[in-house]
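Take a look at the structure below.
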Number of protein chains: 2
Amino acid sequence: AFAEGQVTIQMVNLGRVIVYLSLLGVIPAAIIFLIDLSVHMVSSARESISVTETGGWLGFFIYILTGVVLCILSTLVCRVLSVEAEGSGIPQMKAIMSGFYDKYKPSLSMWALLAKSVGLICAIGGGLPVGWEGPNVHIACIIAHHLSRLPMFRVLRRDRALRLQFMVSACSVGLASSFGTPIGGVLYALETTSSYYLVPTFWKSILATLTGAVFYDIFYKSPLVEALDNTQFDENDYRRRQLLFFAFLGVIMGVAGAFFVKCVKTVYDLRGRIIGMRGNRYLIVGSVALVSAALSYHTRLFRLDPREAINEMFSSDHLKLSWFDVFILLLIKFPLVVVSIGLPVPAGVFIPCFLLGSAIGRLYGEVLKVIFGSAIVPGGFAVVGAAAFTAGVTRALSCAVVLFEVTGQLSHVIPSLLAVLLAVIVGNGFGRGLYDTLIIMKKLAYMPHMRRDLAPTMTARQVMDREVVSAPRLCTVKEAEELVRDKGMDLDAYPVVGPDGGLIGSVRRSTLVYMIERAKLVYAKKGSSSSVEMEARVNPNSVSVELDEVGTIDVTSPVPIPLVPRLPSSDDLVLEEGIVENGARGSSSGTSDEAGGESGNKPEPSSTAEEEDRYKKPPLKRERKGGASSRDVSLLQQKFRIPVDLAPLTVTDTMLLGQLHFMFVMLMPTHALVLSEGRLIGIIRRKDIIFTG
Amino acid sequence: AFAEGQVTIQMVNLGRVIVYLSLLGVIPAAIIFLIDLSVHMVSSARESISVTETGGWLGFFIYILTGVVLCILSTLVCRVLSVEAEGSGIPQMKAIMSGFYDKYKPSLSMWALLAKSVGLICAIGGGLPVGWEGPNVHIACIIAHHLSRLPMFRVLRRDRALRLQFMVSACSVGLASSFGTPIGGVLYALETTSSYYLVPTFWKSILATLTGAVFYDIFYKSPLVEALDNTQFDENDYRRRQLLFFAFLGVIMGVAGAFFVKCVKTVYDLRGRIIGMRGNRYLIVGSVALVSAALSYHTRLFRLDPREAINEMFSSDHLKLSWFDVFILLLIKFPLVVVSIGLPVPAGVFIPCFLLGSAIGRLYGEVLKVIFGSAIVPGGFAVVGAAAFTAGVTRALSCAVVLFEVTGQLSHVIPSLLAVLLAVIVGNGFGRGLYDTLIIMKKLAYMPHMRRDLAPTMTARQVMDREVVSAPRLCTVKEAEELVRDKGMDLDAYPVVGPDGGLIGSVRRSTLVYMIERAKLVYAKKGSSSSVEMEARVNPNSVSVELDEVGTIDVTSPVPIPLVPRLPSSDDLVLEEGIVENGARGSSSGTSDEAGGESGNKPEPSSTAEEEDRYKKPPLKRERKGGASSRDVSLLQQKFRIPVDLAPLTVTDTMLLGQLHFMFVMLMPTHALVLSEGRLIGIIRRKDIIFTG
């Protein structure tokens, strides 16, 4: 379905896709710009009231007070409007991207958007050293979700593959619009949120980020808000023989990044214990804000927008600030960032890491310059250090690409890539990256990792759930109702088995519910002609859309719902009287003449076209007449044939867990049915093999 | 297995992977550099002999003669050493990458490497306007293939997932080393050779291209051979209001690119008919070389290395040549490139397209400059035009990224991306890209496209092959031998079914062959203790390696071969006397007490650990003693239990073709078994649903 997405798009729909993606580029970019502008205004107002106009101890007090109030407000907004808005947002998006769409749907609500925007403005405006790339990704995904519900895009929404491609594009837009990096945004989104990438997604993502970038270009190049400056290195600033220095910087950053992640985790765990005892999130946010404000008030550098500080680090000229300033910045910002990232406020990590990395790199470069003389350009080391530290923290190689686009220079391609690569490899040697750590800390479901307690050489039989409920092909209304009522299966589709236990296919829960209602209706009106009319009024396509709305994502199959679904009709009702309800289930072959003795032959012709024809033609009068004589037979004992509208993913019980995991990662089904010699013996849900925190 | 690749790499193997990838970066880069150097020397020698030293009509004659001889030599080399070396090489690599590894293995021979290198030197040295990126990709893939056969990397080779990641990295290296573009190379390789990309591949590709790029940096920055210069645009050279001009250029290039592809196809078809009549490839190559040489001799511009010409087009200054020169260049080169690309010589397309695009863009820019004045910088339009035309031809968005790296400037990010995106969308509106067209022209197998005669709403039942051969679980030696001898299945694994037709799993062909030999051995030595000793001498792991060597890629399952394979042993021989050979096959349930009445229960415990234990312990004496009394029973009537060492991909017969195609693209199996109510009713091979030219 994914690869198919590309093929099945009709030319008519191509236009829709382009319009959708353009809107997906522009709307989040506009919102992100507005947020950025608001942050700028809040910060300036705070700065001018406390520092410029008041000053002294009163100014200090006002500065701290406003900071604390804003940060507490940020927590409050998240708490009241949507808890999903707390934190980066990238981990949730990663979970959604790995197929847990339904599970994390709440985080795509409009309330989350509002909470995220307001919370982010308050948190950054309040002086917390947090980034905005994660919240921006979250915001873009919310926009993508709601945009796809507009009537004109509803037809696209039905294609599950396309919908996921749109989500990936949304992630790209969120990142690209944060820094004006159309290519880096796409690559960074790919690395941090996906486990694989389909080539047809590429142009979609680029289209979305490009429209966003045009928007960014127009607004950020105007002097409304801060932006990262282009660097102005000479071509000769990087010399080949300095490559070893850059490599060493990469190794340092790998260690530093791993240390940073470790600190974040330790602080989070520690606080978890404290909150567990006291339970006061506001107190914690307030105290962090207080410390941050108290430490920032006296040095202009600390009150700066991080982008200005980064520009300073990257500059080719001599530093306006002394080494000592940079060192102090590092000493104060590092623990502050570590603490802030885990706070219950919207908080990204990219920009703070970029700042810390550039500071480390600049120091490293200045030291080298003292030792080796003026051939060393410390600004270059700051640039490479920023990319490498961020890569060491997030384990995304595309940090380097983001950096090239941000600085507008490609003079340091080789040293940057080298340092980033080493930082990622060294960092991975110490453990997981930050986003994965956050996923584990927040106990989110997570596709790519197999559960650690399972060995890849185990077989499906060893991990499957034997408690699998299945529907017999010929089913009484009572049986069907029991099946639908049984919540134990937590599935949106049920396997349908033949009389001897062989799997035929699956039926959607919604279809089954519809079938039961139809069965009751047909039974009630049996003998009258009204059922024929009702049949005509039910347009298969419109019903399909409704089912789709109810059933949200198509649950079992990785492909989009067929355009003309094989909908159940009263024609499927086999009105046999007097057969006890468990007749068709058990050992069979003999009780029902239709179901028995079909070894190797399917009861249904299974040609889609044929079936459609059959469903479209009005119910045979013969059957209705035959049924007329049996009105006194209890409705619940009525048998009807369950339609098969999904082909489930099936595996043999001997399949190795490694293979299974691969199938779950690549095809993203919710479950797979386990067959042994063709008989349904169990079910494997995604959570059975995948790490879920 | 793909995603698994990342997880299963042990720390020990990580070192091997890094060494492997570094070699994969350096070796092809060195070879490519040597080829480039040779081309340079051949061209200079030819130029100096004919133009500088001789001149006049004699020089003209020598120039043409050397050109024709070199080009014919190029064809000859390919013909004699390896026909696989003809053409770009990217289409073959695309076919290999989409899972047709075995089918195109011949193109990975050392002969192909030699033919490709020598052929490329002769073709470019002989003056044909062909590129080298495709041949370079091919060369890098050959290196990757042979490198993986070194003893120290053999352990990596067993992981099929890793092997494919290495091939993708090799493609990246080939491209990156052609132009010194580590990031663009990775993205371009991804877009042109893969249908999806796994994130763990990213760092591997970057590592390989980076080592290649360091090499490139050292050698190309020295004045040995030509390289593309960095451009020197001002920051203000691109103005926002010019975006419409760039967009229009993108649309033009989309049309031009599609036209180019159409021309290539037409010329190729036309020549196919002529060669079909005359059959003389040398004559055709010779005449193209003659025309090319005759047209190039009198203008220095045409004899230039294309990189120098491109540098000229990109320059910010006034053109050294007149508009008219550029126009003539376009007029002559366009048809020459079109004709040359399909010739039976090694031939890439990137650089010629880059040249044509830059010429068109420069002309466009110069015209705009005349109309709108000096705000227009024609060099910028040449840069964007080069990327857009190449994208229009190859349909790869990453042409833009390659361009940024080649020019070393990011000033034109937005116009480049915009133009490239439009060129790709417009181009796609007209038909397939060049590489896909070449694949069709050369009738290569090709994964991503579903066969056009099939609708995605068809079901598995409608496309499957009903002629599926399966092995019964309890099988006589004779039956097994017949199965192995039957070539009709063209599979490397056979499905194993239970007594009532339910699928149990698959058995590798090699395992079956081994089983038969073991069965004969055990039968011959039955009663003596020698079989026990032989058992001990066969180390399961070493056998596995051998099987792996014979069976090359693991055929059915998308996962790597389990590390401790469940190997057959004499323990599996169930020496039952007097049972006729077709006893266990047919309707069963009663004939063999072990096979019958197993509804829902598998005969084998199927726990891997248990099975291994069972296989490892020596054959039970009881069985051997029991067998001792039946030596007179014919060997061929001996029954033995077929082991199941693969879990095949299974689908229900109701699965839609769209779903099936998706599974084949993502999981890359050779075939899938079709089950109806659990019974094996057919088989779907890759070629049944995938476009194969």
Side-chain angles (χ1 to χ4, degrees), chain A residues 1-4 182-183 191 194-199 202-203 206-207 210 213-214 217 397 401 404-405 408 410 414 417-418 421 424 448 457 459 461-462 498 502-505 557-559 562 600 602 606 608 644 647 650 652-656 658-659 662 665-667 675-679 681, chain B residues 1-4 182-183 191 194-199 202-203 206-207 210 213-214 217 397 401 404-405 408 410 414 417-418 421 424 448 457 459 461 498 502-505 557-559 562 600 602 606 608 644 647 650 652-656 658-659 661-662 665-667 675-679 681:
Chain A
F2 275 89
E4 222 27 46
I183 301 164
E191 278 197 274
S194 307
S195 49
Y196 65 85
Y197 206 66
L198 290 158
V199 172
F202 199 54
W203 75 262
I206 289 280
L207 172 58
L210 185 63
V214 171
D217 189 53
L397 292 166
V401 182
F404 300 141
E405 287 189 273
L410 279 168
I414 289 176
L417 279 182
L418 183 66
L421 193 61
V424 169
T457 49
T459 59
R461 184 178 272 268
Q462 290 167 288
L503 182 76
I504 297 171
S557 74
V559 295
K602 264 207 69 224
S606 119
T608 319
V644 172
T650 57
T652 52
D653 57 343
T654 51
M655 186 170 272
L656 292 174
Q659 282 175 294
F662 179 66
V665 169
M666 300 310 280
L667 304 177
L675 303 182
S676 173
E677 294 196 49
R679 286 185 194 80
I681 60 161
Chain B
F2 275 89
E4 223 27 45
I183 301 165
E191 278 196 274
S194 307
S195 48
Y196 64 85
Y197 206 66
L198 289 159
V199 172
F202 198 56
W203 75 262
I206 289 281
L207 172 57
L210 184 64
V214 171
D217 188 54
L397 291 167
V401 182
F404 300 140
E405 286 189 274
L410 279 168
I414 289 177
L417 279 182
L418 183 66
L421 194 61
V424 169
T457 49
T459 59
R461 184 178 272 268
L503 181 76
I504 297 171
S557 74
V559 296
K602 265 205 69 226
S606 121
T608 319
V644 172
T650 56
T652 53
D653 58 344
T654 50
M655 186 170 272
L656 293 174
Q659 283 174 295
H661 177 251
F662 179 66
V665 169
M666 300 309 280
L667 304 177
L675 304 182
S676 173
E677 295 197 47
R679 286 183 195 81
I681 59 161

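First the proteins, then the strands, lettered A, B, ... as listed; each starts at 1.
Your options are B:V401, B:L503, B:V214, and the one with the most heavy-atom pairs under 4.5 Å with chain A is B:L503.
For the atom pair CZ (A:R679) and CZ (B:R679), the distance works out to 7.5 Å, reported to the nearest 0.5 Å. With values rounded to the nearest 0.5 angstrom, A:W203 atom CH2 is found 14.5 Å from B:L417 atom CG. For the atom pair B:I206 CD1 and A:L418 CG, the distance stands at 11.5 Å (nearest 0.5 Å).
Contact detail for A:L210 and B:L421: the closest heavy-atom pair is CD2-CD2, 4.0 Å.
Remark: the backbone N or O of B:G505 is not paired with any side-chain donor or acceptor of A:T652 at under 3.5 angstrom.
Using a 4.5 Å cut-off between heavy atoms, B:L207 touches chain A through backbone and side chain atoms alike.
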